Amino acid sequence: VLRTKRLGDVSIPKQTVESIMPYRDPKATDRRDPIFANRYFLMSSAEPIDPGDHYVLINLWGPELHMGVARGFTASVQTTWIANPVLAGLRYGHPINPYLHVGAGLLYGGDLFQRGNGNIFLPTATATLGDRRYNLSVSLGKLYASEQPQLSGTFLSAGGFVAVSDRLGVLFEAGRLSGGDARLLMPGVRWQRRRGGYIQLAAVGLSYPDPQAPEPPTAGSSVPANKLIRFPFVSWIRRF
């Protein structure tokens, strides 16, 4: 029963109610389900999810679990379909004002089947401008991979999200790893299939050094040093 000022008491059948949540300004948040608005394809914004909110993300590489454990803090577990590596993460976000958040995070893990060999260590710092309907984030991190030192280096990425409607959003992500001189660009869309569930589709462009590329015959040769591959990328996100 909703008690209103203009209409009096309004009764709604229980079986038609999908969920009940606190009201938020529709101009400052995704009105249907704001839990995913701080997530891009691979990275997250500095705005944390609320305590008690959790979601699972399944993509081309493997599953991820993200949990709002305390005010400002989000914990995560990420792995691949072959369970190598397994990464645990903790992220903290702090609001400077309603349209500016800053945060820091840490990912750490490795190969559980080799007694911790192949460790990966990635601390990051993130700044996010905007709200949950329109935002832009920039992240800076330092990646260290003991088993593949060519992947170690400074990691710089940017991501953006625009809510076209309550069910549809446009987002992008771009990144560069200085150690291996790898670059990534992912434009795409996100749409809501049903309450609490989203699908993301991106077109991925990945450029990385090709170890089999021939050496330039002369100085100033136009032989490309990097190999470029393109492929579609699908992610499925579900609140639980």
Side-chain angles (χ1 to χ4, degrees), residues 38-49 57 59-62 64 66 72-80 84-96 100-111 114 116-130 135-161 171-188 200 202-213 215-216 223-231 233 235:
N38 74 335
R39 175 68 190 229
Y40 305 108
F41 292 109
L42 300 178
M43 64 177 283
S44 300
S45 73
E47 184 176 0
I49 61 178
L57 183 147
N59 58 35
L60 184 64
W61 319 119
E64 301 180 14
H66 296 262
F73 287 93
T74 302
S76 66
V77 178
Q78 308 176 30
T79 186
T80 64
N84 180 27
V86 178
L87 302 175
L90 184 65
R91 193 170 70 251
Y92 174 73
H94 177 74
I96 303 299
L100 177 62
H101 287 72
V102 295
L106 176 64
L107 275 176
Y108 179 79
D111 187 351
Q114 295 184 12
N117 292 335
N119 287 339
I120 295 175
F121 182 77
L122 176 61
T124 58
T126 305
T128 299
L129 182 65
N135 57 68
L136 177 66
S137 298
V138 177
S139 293
L140 179 65
K142 184 70 173 180
L143 175 63
Y144 173 76
S146 61
E147 195 170 75
Q148 295 181 322
Q150 68 274 16
L151 294 180
S152 301
T154 302
F155 181 78
L156 176 65
S157 66
F161 174 78
L171 60 163
F172 82 93
E173 193 167 330
R176 182 179 185 273
L177 179 63
S178 64
D181 198 24
R183 297 176 175 87
L184 176 72
L185 179 62
M186 300 178 66
Q200 297 185 154
V204 181
L206 176 62
S207 173
Y208 62 95
D210 186 0
Q212 299 180 352
E215 293 293 333
V223 176
N226 278 23
K227 184 176 182 180
L228 176 64
I229 59 174
R230 304 177 182 89
F231 56 93
F233 190 88
S235 303

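These numbers come from a predicted model, not from an experiment.
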Exercise for the section: Hey, could you give me the CD/OG1 distance between Glu47 and Thr74, rounded to the nearest 0.5 Å? Expected result: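 Going from CD on Glu47 over to OG1 on Thr74, the span is 10.0 Å.
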Handout entry: Spatial distance of atom OG1 (Thr128) from atom CD1 (Ile96) [nearest 0.5 Å]
Key =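 It is 11.0 Å, given to the nearest 0.5 Å.
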Sequence neighbours excluded, which residues qualify as side chain to side chain contact (heavy atoms under 4.5 Å, CB included) partners of [X]?
| X | result |
| --- | --- |
| Leu143 | Ile120, Leu122, Leu177 |
| Leu42 | Trp61, Glu173, Leu184, Met186, Phe233 |
| Leu136 | Phe172 |

Under 3.5 Å, side chain of [X] to main-chain N/O of [Y], donor-acceptor pair present?
| X | Y | value |
| --- | --- | --- |
| Ser146 | Asn119 | yes |
| Ser137 | Ser45 | no |
| Ser178 | Thr154 | yes |

Please give me the minimum heavy-atom distance between [X] and [Y], naming the atom from each residue.
| X | Y | value |
| --- | --- | --- |
| Glu64 | Asn59 | OE2-ND2, 3.7 Å |
| Met43 | Gly159 | SD-N, 3.9 Å |
| Ser76 | Leu107 | OG-CD2, 4.3 Å |

Problem - Non-neighbouring partners of Ser207 that pass side chain to side chain donor-acceptor pair (under 3.5 Å), sequence neighbours left out - result: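 Asn226.
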Practice task
Check ring pair (Phe, Tyr, Trp, His ring centres under 6.0 Å) between His101 and all other residues, then give those that pass, not counting sequence neighbours.
Solution key: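 Ring pair (Phe, Tyr, Trp, His ring centres under 6.0 Å) list for His101, sorted by chain: empty.
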Practice task
Not counting sequence neighbours, which residues clear ring pair (Phe, Tyr, Trp, His ring centres under 6.0 Å) with Phe73? List them please.
Solution key: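 Partners of Phe73 by the ring pair (Phe, Tyr, Trp, His ring centres under 6.0 Å) criterion, ordered by chain and then number, come out as Tyr92.
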Looking at side-chain heavy atoms only, is the closest gap between [X] and [Y] below 4.5 Å?
| X | Y | value |
| --- | --- | --- |
| Asn38 | His66 | no |
| Tyr40 | Asn135 | yes |
| Tyr108 | Leu90 | no |
| Phe41 | Val204 | no |

Handout entry: Worked check of side-chain contact (heavy atoms from CB on, under 4.5 Å) between Ser44 and Ile49
Key = CA-CA 10 Å; Ser44 300; Ile49 61 178; over 6 Å; no
Exercise for the section: Run the numbers on Arg91 and Thr126 for side-chain contact (heavy atoms from CB on, under 4.5 Å), then give the verdict. Expected result: CA-CA 10 Å; Arg91 193 170 70 251; Thr126 305; 6.0 Å; no
